[in-house]
Colleague: 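Following this message is one structure expressed as structure tokens.
Order of appearance sets the numbers: ligands from 1, and atoms from 1 within every ligand. Nothing here was measured: the structure is a model prediction, and the numbers come from that model.
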Amino acid sequence: MQIISLPSQAAITYKFFWDGFSPSVKKHGTLFVDKGKISARSDINTSTWDYSNYCLLPALIDGHVHLVLPETGQNFAERLRSYLNSGVYALRDAGNKQGFVKISEPCLVLQSGFALYKEGHYGSALGIGVSTPDEALAAIDNLAAKGADQIKVMASGIFSFQHYGKTGAATFTVSELKQIVKRAEAYNLPVMAHASGDEAVRRCLEAQVTTIEHGYFMSKETLRQLATSEIFWLPTLAPVKAQLADPRLAVKLTPAMYDVIKRSYERHSRLVGEAGALGAKIVAGTDAGAPGVEHGRSLAWEILLLHEAGLPLQTALKAATATAAQACRLTASGTLTPGKKPYILAVEGNPLENPAVLQKPVALFLGAN
Ligand SMILES: [Zn+2]
């Protein structure tokens with residue numbers, strides 16, 4: 001895997017080319033970069049990078065990670081390298097106890113700093129507790145001043161591995177969530193809302209958050225509402241699947257817990273397929289840092305799980321490119337269309353036919369800032 005800083009003018013030849021959203025690839029051509037952006041011009045006289053045996057597509061975006069987790073193992077720089085080596089140039093951090101982290105690698109990290117959780121409820125491992133709307137709004141003012149890229153809010157607990165269908169209670173009221181969204185929007189910041197259980201998801205939909213994270217155990221009616229809204233959904237399949245698929249984790253589960261998690265996963269995966277059929281805006285987020293979910297490599301796995309859940313490959317790939325860029329408000333990238341910054345991934349075959357090619361990317365081109 002090569003990581004290549006592109007000069008402001010460049011030409012890259014390709015065998016296949018996927019722009020990040022179209023239903024098919026283009027074959028045998030050249031992608032041009034001019035003045036640091038992808039260009040429609042084809043008369044640019046510049047040095048050529050020969051990738052005529054490979055497929056070019058947008059570099060990938062992971063919409064939900066926890067950079068500081070787990071607390072042992074790789075350091076931040078190593079984790080960021082893992083993303084780049086996996087073809088992921090942008091990632092959205094979903095909050096942590098330490099707040100903002102220093103970024104040492106050429107990754108685009110969208111930081112939440114501290115997640116906001118309701119005092120006395122789930123979330124103390126990911127951020128700061130607030131008891132009243134005024135405290136929440138003051139925390140948003142503070143996060144915005146420190147350079148947050150979005151506001152992460154914990155609108156519920158997590159789902160139970162012991163009791164099928166049981167989720168931690170919804171925490172913030174609709175009115176509180178609406179105030180949070182309004183204040184975040186005053187700073188032009190999107191709101192990413194952790195929500196599991198039907199009630200929490202419904203509250204988030206009503207409050208018009210930007211993205212719903214997880215969404216385990218929402219009802220079919222709520223799923224329909226989500227699918228017809230402008231709100232993005234990050235179903236984060238990987239952290240649940242890892243409990244079943246990673247032998248180091250599965251061995252710790254009682255047979256009853258294994259069964260609860262398996263049924264929960266199957267229900268969630270079915271919902272993803274139904275959401276896709278209803279036209280929901282689905283985004284790939286790995287929850288990397290959760291047990292068994294590796295930084296970087298897991299995104300190709302999440303894309304595969306989205307596809308296995310029933311999304312057409314094109315939709316599953318869009319979930320980590322064009323749709324992810326919309327959800328994360330990365331207006332300058334996410335597709336390979338004229339005017340966008342050249343964050344480009346090279347892989348060995350057509351990912352619209354074989355997503356496994358994402359597991360061994362060949363090169364990541366990073367545009368000049
Ligand atoms: Zn998370």
Colleague: Taking both backbone and side-chain atoms into account, decide whether D287 has an N/O/S atom under 2.8 Å from the Zn ion (ligand 1).
Modeller: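 Of the N, O and S atoms in D287, at least one lies under 2.8 Å from the Zn ion (ligand 1), which means yes.
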Colleague: Just checking: H64, one of its N/O/S atoms, less than 2.8 Å away from the Zn ion (ligand 1), yes or no?
Modeller: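 Yes - counting backbone and side chain alike, H64 has an N, O or S atom under 2.8 Å.
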Colleague: If the cut-off is 2.8 Å, does any N/O/S atom of H194 fall short of it from the Zn ion (ligand 1)?
Modeller: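 False for H194.
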Colleague: Using 4.0 Å as the upper bound for N to carboxylate O, is an ion pair formed by K262 and E266?
Modeller: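 A salt bridge links E266 with K262.
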Colleague: Check whether more than 12 heavy atoms from other residues, nucleotides or ligands sit under 6.0 Å from atom CZ of R297, and answer yes or no.
Modeller: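 Open.
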Colleague: Would you kindly check if the NZ (Lys) or CZ (Arg) of R263 is within the cone defined by 45 degrees around the ring axis of Y164 and under 6.0 Å from the six-membered ring centre?
Modeller: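 Yes, a cation-pi geometry.
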Colleague: Would K220 and E274 pass as an ion pair if we require N to O under 4.0 Å?
Modeller: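 Judged by the 4.0 Å cut-off on N to carboxylate O distance, K220 and E274 do form a salt bridge.
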